[in-house]
Engineer: 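Next up is a structure, given as structure tokens.
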Amino acid sequence: MSNINHFVEKIAGDWIGSEKMIVDPASGQEMTTEATLSNVSMFGGSGFASDYAQSSEGVETFRCVTQFRFGADDQLSAIWIPSEGDHQVFRGKREGMVIEMASESEDGSIQTIKTDYSGKDEFSTTTTVTVPGGPTMTVFESTYRRA
């Protein structure tokens, strides 16, 4: 687990970022937001919690906590807990400094989140959604830097 401990130590701390998301896939309407998040080690260093707050023009628009836990062979399980609405469970894997995880919705669509922590003091996240029988669409892109 020492590689996991090293990974968790590297990503721990406070981050600030800018985000771009699709708010209406039919029209392609986008929205930009700012975010802060704080990663702290948990599960004896084999996981971490991320406290995330999104804001637009200085007003908080969304908040959630996500708990990540690594198992054998860098397998990952995560639970995303928003301040409003339903939680979501993700499964995935860590490869080096990259986490990729996915969750399937009741309608069969699959949401995939890829976070790349390989930068020295920055990381990026991309979220895609694949609808059954449809294309894969990027719905969220962000970059964060140490606060």
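All heavy atoms count here, side chains included; hydrogens, waters and symmetry mates do not.
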Engineer: Going by distance alone, is a donor N or O of one side chain under 3.5 Å from an acceptor N or O of the other, for Glu60 and Ser55?
Structural biologist: no
Engineer: Which one of Tyr52, Phe123, Trp15 satisfies the ring pair (Phe, Tyr, Trp, His ring centres under 6.0 Å) criterion with Tyr144?
Structural biologist: Phe123
Engineer: Check whether the side chains of Glu104 and Gln111 place a donor and an acceptor atom closer than 3.5 Å, and report yes or no.
Structural biologist: no
Engineer: Look at the side chain of Ser27 and the backbone N and O of Gln29, then say whether any donor-acceptor pair between them is shorter than 3.5 Å.
Structural biologist: yes
Engineer: Just wondering, do Val23 and Met21 contact through their side chains at under 4.5 Å, heavy atoms?
Structural biologist: yes
Engineer: Evaluate side chain to side chain contact (heavy atoms under 4.5 Å, CB included) for Leu76 paired with Arg94, printing each intermediate quantity in order.
Structural biologist: CA-CA 7 Å; Leu76 166 70; Arg94 179 186 75 96; 5.8 Å; no
Engineer: Parallel, tilted or perpendicular for Tyr117 and Phe48, by the 30°/60° rule?
Structural biologist: perpendicular
Engineer: Is the gap between the ring centers of Phe90 and Trp80 under 6.0 Å?
Structural biologist: no
Engineer: Do Thr115 and Thr125 meet the criterion of a side-chain donor-acceptor pair at a distance under 3.5 Å?
Structural biologist: yes
Engineer: How close do Met101 and Ala78 get, counting heavy atoms only, and between which atoms?
Structural biologist: SD-CB, 3.9 Å
Engineer: Under a 3.5 Å threshold, yes or no: a donor from one side chain and an acceptor from the other, between Glu19 and Thr33?
Structural biologist: yes
Engineer: Identify the two heavy atoms, one from Ser46 and one from Asn5, that lie closest to each other, and give their separation to 0.1 Å.
Structural biologist: N-ND2, 4.3 Å
Engineer: Keeping the roles fixed (side chain from Ser103, backbone from Val89), state whether a donor-acceptor pair exists under 3.5 Å.
Structural biologist: yes
Engineer: Would you name the heavy atoms of Glu34 and Glu57 that are closest together and state the gap between them?
Structural biologist: OE1-N, 3.6 Å
Engineer: Begin from the C-alpha positions of Arg63 and Asp51 and carry the test side chain to side chain contact (heavy atoms under 4.5 Å, CB included) through to its verdict.
Structural biologist: CA-CA 8 Å; Arg63 184 172 206 98; Asp51 183 6; 3.3 Å; yes
Engineer: Say you draw a straight line from CZ of Phe68 to CG of Asn39; how long is it, rounded to the nearest 0.5 Å?
Structural biologist: 7.5 Å
Engineer: How far does CD1 of Ile11 sit from CE of Met97, to the nearest 0.5 angstrom?
Structural biologist: 7.0 Å
Engineer: Nearest 0.5 Å please: distance from the SG atom of Cys64 over to the NE2 atom of His87.
Structural biologist: 13.0 Å
Engineer: Check for a donor-acceptor pair, side chain of Asp116 on one end and backbone N or O of Ser124 on the other, with a separation under 3.5 Å.
Structural biologist: no
Engineer: Which pair of heavy atoms, one from Ile22 and one from Gly28, lies closest together, and at what distance?
Structural biologist: CD1-O, 4.1 Å
Engineer: Run Gln88 and Asp86 through side chain to side chain contact (heavy atoms under 4.5 Å, CB included) and show every step you take.
Structural biologist: CA-CA 7 Å; Gln88 197 169 355; Asp86 296 330; over 6 Å; no
Engineer: Supply the atom-to-atom distance Lys114 NZ to Thr127 OG1, rounded to the nearest 0.5 angstrom.
Structural biologist: 12.0 Å
Engineer: Rounded to the nearest 0.5 Å, how far apart are CZ of Arg91 and CD of Glu100?
Structural biologist: 16.0 Å
Engineer: Does Met42 share a hydrophobic cluster with Val65, counting links as ILVMFWY side-chain heavy atoms below 4.5 Å and allowing steps through other members?
Structural biologist: no
Engineer: Any non-hydrogen side-chain atom of Asp14 less than 4.5 Å from a side-chain atom of Leu37?
Structural biologist: no
Engineer: Go through the steps for Glu122 and Arg145 under the test salt bridge (Lys or Arg N to Asp or Glu O under 4.0 Å), then give the verdict.
Structural biologist: CA-CA 4 Å; Glu122 65 183 29; Arg145 68 184 193 308; over 6 Å; no
Engineer: In terms of hydrophobic clustering (I, L, V, M, F, W, Y; side-chain heavy atoms under 4.5 Å; direct or indirect links), are Val8 and Phe43 co-clustered?
Structural biologist: no
Engineer: Would you name the heavy atoms of Gly45 and Ile4 that are closest together and state the gap between them?
Structural biologist: O-CG2, 3.6 Å
Engineer: Hey, any chance Val40 and Ile79 share a hydrophobic cluster, counting ILVMFWY side chains that come within less than 4.5 Å of each other, even indirectly?
Structural biologist: no
Engineer: With rounding to the nearest 0.5 angstrom, report the OG to CZ distance, Ser77 to Arg69.
Structural biologist: 7.5 Å
Engineer: Should Val131 and Phe140 be regarded as members of a common hydrophobic cluster, given that ILVMFWY residues are connected when their side-chain heavy atoms come within less than 4.5 Å of each other, either directly or indirectly?
Structural biologist: yes
Engineer: Apply side chain to side chain contact (heavy atoms under 4.5 Å, CB included) to Phe7 and Ile99, showing your working.
Structural biologist: CA-CA 11 Å; Phe7 174 81; Ile99 293 174; 3.6 Å; yes
Engineer: So, are Asp73 and Lys93 salt-bridged, with charged N and O less than 4.0 Å apart?
Structural biologist: no
